[in-house]
Chemist: 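Here it is, the structure in full.
Each ligand, and each atom within it, is numbered from 1 in the order the structure gives. We count residues from 1, following the sequence as given.
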Amino acid sequence: ALLQTNGSAPPARKPKPKSKSTPVLINEDEIAAGIEAQQFTAHYQPKIDCVTGAIVGFEALARWEHPQVGLVMPDRFIAQAEYHGLIDGITRQISEEVVAWLGKVYRQRDFEISINLSAKSIDDQRVAEEISALCARHGIATTRVVLEVTETSAMGNPTAALELLTRFRIRGFQLSIDDFGIGYSSLAQLSRLPFSELKIDKSFVMTAHSSEESQKIVAALVGLARNLGLRTTAEGVEDAWTLDFLKELGCDHAQGYFIARPMPGPEVEAWVRQREETSDAQRLQ
Ligand code: C2E
Ligand code: MG
Ligand code: MG
Ligand code: MG
């Protein structure tokens, strides 16, 4: 792969799945079986405009509805799926579901959908083609789709990244650099890559209210993004103070538990209705 998850060689041993509440280990065969049985689904986390509070769109986050274990979170299967070469099957299932959902429920709205791409997938021509084809089939402009790539994966090999990311940009997709601030980007490289959005890593955002250091980092990242002409999204907004702080800084968009948790499609649809009814009522007062 031209783009490596961490710029180093694959681990010598297979990564051991973390299991907090359950001793069930998720192995390669189980992930393959889960893909075959179409058990991967998306939860949607809303993203809002910091100033107006309007809904901008949703980030699709993968969940595995495992028949024995229940809902499995991505930290227990994404790295494993990447390591065993199974991630494309998951990316495909998630993309098909979310583009169809947007086309069915919100075709007439300008909501965006963000999809997380593995470093291993950006490397693959077919991913760009497949998601473009999905958009065409469901009547969704590719400009409404934001593809998120983590800082560490994009910066592993910036020359290759430029070529690969440009392929997505040519098709109209927006590109977002995710978890920004925890990697080791060269700012010159960042300015050359065709990103449209910078997502400030939640570790800084979640601690901003209690740490002056985090506040300074968030402020610096918002400034950097603005100077490079990138939209800024803060992830991990957990309280009202932080949302206000971000608004003061001029951060564009916010995402986090304070606004809404990731939810299954029908729940997010109810959330959107309720939020828009409430803001309509407030406007009429
Ligand atoms: P991410 O893309 O940075 O997504 C944000 C993560 O932060 C999500 O965790 C989300 O639920 C969580 N989060 C959102 N708001 C808050 C908050 O206010 N506080 C806290 N503490 N957490 C918040 P999740 O869903 O467990 O996903 C973890 C990671 O797994 C994602 O991080 C992403 O890197 C990866 N991932 C998820 N879905 C996919 C997928 O379909 N494909 C690939 N390749 N990776 C995925
Ligand atoms: Mg993301
Ligand atoms: Mg992130
Ligand atoms: Mg993250």
Chemist: Taking atom types as modelled, find out whether T142 and R171 have a side-chain donor-acceptor pair closer than 3.5 angstrom.
Modeler: no
Chemist: Between R169 and P194, what is the shortest heavy-atom contact and its length?
Modeler: NH1-O, 2.6 Å
Chemist: Hey, is ligand 1 close enough to E82 that some N/O pair sits below 3.5 Å?
Modeler: no
Chemist: Let me confirm one number: the CZ-CG distance from F168 to L147, rounded to the nearest 0.5 Å.
Modeler: 6.0 Å
Chemist: Is ligand 1 under 4.0 Å from a heavy atom in the side chain of D179, in the backbone, in both, or in neither?
Modeler: side chain
Chemist: Looking at every heavy atom in both E151 and D179, which two are closest together, and how far apart are they?
Modeler: OE1-O, 3.7 Å
Chemist: Taking the non-hydrogen atoms of K199, is any one of them nearer than 4.0 angstrom to ligand 1?
Modeler: no
Chemist: Applying side-chain hydrogen bond (donor to acceptor under 3.5 Å, both in side chains) between Q255 and each of K202, K199, K47, report the one that passes.
Modeler: K199
Chemist: How is the N/O/S atom of E59 that comes nearest to the Mg ion (ligand 2) named?
Modeler: OE2
Chemist: Would I78 count as a contact residue for ligand 1, given that I'm defining contact as a non-hydrogen atom of the residue lying under 4.0 Å from a ligand atom?
Modeler: yes
Chemist: With no hydrogens and no angle check, just 3.5 Å: does a side-chain donor-acceptor pair link H66 and E30?
Modeler: yes
Chemist: Looking only at heavy atoms, is any part of A62 under 4.0 Å from ligand 1, and if so is it the side chain, the backbone, or both, or is it neither?
Modeler: both
Chemist: Taking a cutoff of less than 4.0 Å between a non-hydrogen atom of the residue and any ligand atom, is K202 in contact with ligand 1?
Modeler: yes
Chemist: In ligand 1, which numbered atoms sit nearer than 4.0 Å to a non-hydrogen atom of Q45?
Modeler: 14 (C), 15 (N)
Chemist: Between F58 and Y106, what is the ring plane arrangement, given parallel below 30°, perpendicular above 60°, and tilted in between?
Modeler: parallel
Chemist: I'd like to check which ligand 1 atoms, numbered from 1 as shown, lie under 4.0 Å from a non-hydrogen atom of E235.
Modeler: 3 (O), 5 (C)
Chemist: Step through the shown structure and confirm whether more than 12 heavy atoms of other residues, nucleotides or ligands are within 6.0 Å of CG on D49.
Modeler: yes
Chemist: For a distance under 2.8 Å, tell me if E235 has an N/O/S atom near the Mg ion (ligand 3).
Modeler: yes
Chemist: Where the closest heavy atom to atom 31 (C) of ligand 1 is concerned, which of D75, I259, L61, D201 has it?
Modeler: L61
Chemist: Quick one: are V98 and Y44 in side-chain contact, heavy atoms under 4.5 Å?
Modeler: yes
Chemist: Taking only heavy atoms of P262, which atoms of ligand 1 are found under 4.0 Å from at least one of them?
Modeler: 11 (O)
Chemist: Take the Mg ion (ligand 2) as the vertex and measure to OD2 of D178 and OD1 of N116; round to 10°.
Modeler: 90°
Chemist: Only one of E148, H253, E59 clears side-chain contact (heavy atoms from CB on, under 4.5 Å) with T233; which?
Modeler: H253
Chemist: Looking only at N, O or S atoms in E148, which is nearest to the Mg ion (ligand 2)?
Modeler: OE1
Chemist: Going by the order shown, which atoms of ligand 1 are within less than 4.0 Å of some heavy atom of S118?
Modeler: 44 (N)
Chemist: Compute the minimum heavy-atom distance from T91 to ligand 1 and say whether it is under 4.0 Å.
Modeler: no
Chemist: Numbering the atoms of ligand 1 from 1, which are under 4.0 Å from a heavy atom of N116?
Modeler: 2 (O), 39 (C), 40 (C), 42 (N), 43 (C), 44 (N), 45 (N), 46 (C)
Chemist: Quick one: does E59 get a heavy atom under 4.0 Å from ligand 1?
Modeler: yes
Chemist: Is there a polar contact, in the sense of an N or O pair closer than 3.5 Å, between M206 and ligand 1?
Modeler: no
Chemist: State whether a side-chain donor-acceptor pair under 3.5 Å links E197 with S176.
Modeler: yes
Chemist: Return the name of the atom in D179, of element N, O or S, nearest to the Mg ion (ligand 3).
Modeler: OD1
Chemist: Decide yes or no for W64 and I31: does some side-chain heavy atom of the first lie under 4.5 Å from some side-chain heavy atom of the second?
Modeler: yes
